[in-house]
Amino acid sequence: MPEGPSMVFLKEKLSPFIGQKVIEVNGDSPKLAIKKLLNLKITDIKTYGKEIFICFQEISVRIHLMLFGSYLINSKKDGKLKLGLKLKEGEINFYACNVSLITEPLDSLYDWSVDVMNDKWDREKAKNKLKDISDSLICDALLDQHIFAGVGNKLKDELLFDAKIHPESLVGKVPEKKIKAIFDIVVDKSFEYLKWDKEGRPDGFLKVHKQDLCPVHNIKLSSKTLGKTKRKTEFCEICQKLYK
DNA sequence: TAAGTTGTTCGGGG
DNA sequence: CCCCCGAACAACTT
């Protein structure tokens with residue numbers, strides 16, 4: 001579930017609960033005092049990259065699904081329930097994820113313009129941050145949540161393939177024109193991912209990630225663990241140009 | 001079956 | 001104080 005588009009999808013699914021009051025709280029997060037959510041009314045649902053927030057008047061619940069987290073709406077399953085909210089009309093259950101409570105205003109903690117799926121996504125800001133890490137590999141840069149909040153390993157592979165950039169390219173050596181192309185593709189890919197997710201085939205948009213053959217050349221794709229992030233990366237040696 | 005994975009946080013060492 | 005690294009955690013698939 002965990003890349004940004006999946007969280008935007010979840011936000012859409014949770015939006016009908018806005019305005020409803022919590023009538024029961026469950027979950028294995030005693031230290032978090034989640035019980036204090038009882039009787040509070042959901043005021044908003046927000047996302048920031050791979051994080052989702054269920055907002056109340058003076059408190060927000062931050063949920064990050066990490067690698068293995070999951071959720072069920074209006075149903076439940078066996079497993080580590082971290083947070084379960086029963087509302088007037090339905091219930092929301094989160095499993096195996098990070099749950100925390102935030103009492104500060106979210107606007108003071110989060111810069112929404114870093115989220116690639118947010119209307120306020122700021123390319124200039126991203127461009128300047130890339131200048132600070134010109135020695136990094138582009139595959140690492142794309143996974144940097146302080147620059148491209150929401151991009152995960154699947155999007156990373158797909159973005160680089162579409163942009164025709166080799167994952168081991170150095171940020172500072174990638175032509176500015178190509179960087180601009182990445183910015184367009186980041187947004188397009190994210191929303192394409194969202195579209196496929198809504199159709200029930202979240203992996204439908206994948207061309208190279210976890211694939212065998214290059215869709216253009218029909219040759220074997222390369223698969224390497226790269227960069228300081230040490231994430232598996234699939235790419236085509238022919239399609240994707242190395243800038244270094 | 002054991003290995004791999006859509007991700008992040010923590011502590012220690014340099 | 002920063003960066004880097006490895007460990008830890010989690011649930012499901014192949």
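Chain letters run A, B, ... following the sequence lines, proteins first, then strands; residues in each count from 1.
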- Using a heavy-atom cut-off of under 4.0 Å over every strand shown, decide if A:K77 touches base, sugar-phosphate, or nothing. sugar-phosphate

- Test item: side-chain donor near acceptor, A:E51 and A:Y110, under 3.5 Å: yes

- Task: Figure out the CD/C1' separation between A:E234 and B:dT6, and round it to whole Å.
- Result: 12 Å

- Item | Rounded distance (Å) that lies between atom P of B:dT5 and atom CG of A:D157 | 11 Å

- Query: Which of the following nucleotides, B:dT8, B:dT5, B:dT6, is nearest to the side chain of A:H64?
  - Reply: B:dT8

- Between A:H64 and A:N98, a side-chain donor and acceptor under 3.5 Å: no

- Query: With rounding to whole Å, what would you report as the distance between C:dC5 and B:dT6 at their C1' atoms?
  - Reply: 23 Å

- Figure out the CD/C1' separation between A:E3 and B:dT5, and round it to whole Å. 12 Å

- Task: Starting from A:I238, walk the hydrophobic network (Ile, Leu, Val, Met, Phe, Trp, Tyr; side-chain heavy atoms closer than 4.5 Å) and list everyone else you reach, by chain and number.
- Result: A:I219

- Message: From NZ of A:K210 over to C1' of B:dG4, roughly how many Å is that when rounded to an integer?
- Response: 7 Å

- A:W112 and A:Y48 aromatic ring geometry - parallel, tilted or perpendicular at 30°/60° bounds: perpendicular

- Task: Would you kindly give the CG-to-P distance between A:D203 and B:dT5, to the nearest whole Å?
- Result: 14 Å

- Under a 4.0 Å N-O cut-off, is there an ion pair linking A:K129 with A:D122? no

- Its 5'-most and 3'-most nucleotides having an atom under 4.0 Å from a non-hydrogen atom of chain A, DNA chain C is contacted over C:dG6 to C:dC12

- So, is A:R231 near the phosphate of B:dT5, with a side-chain N or O under 4.0 Å from OP1 or OP2? no

- Item | Rounded distance in Å - NZ (A:K156) to P (B:dT8) | 13 Å

- Using atom CG of A:L65 as one end and atom C1' of B:dG7 as the other, report the distance to the nearest whole Å. 10 Å

- Out of B:dT5, B:dT6, B:dG7, which has the shortest distance to the side chain of A:K232? B:dT5

- By the Watson-Crick or G-U definition, both distances under 3.5 Å, C:dG6 is matched with B:dC10

- Note on the structure: Between CG of A:D144 and P of B:dT8 the distance, given in whole Å, is 10 Å

- Query: Do NZ/NE/NH1/NH2 and the carboxylate oxygens of A:K195 and A:E192 come within less than 4.0 Å?
  - Reply: no

- Once you round to the nearest 0.5 Å, how far does NZ of A:K120 lie from CG of A:D115? 10.5 Å

- Note on the structure: From the candidates B:dT8, B:dT5, B:dT6, the one with an atom nearest any side-chain atom of A:F68 is B:dT5

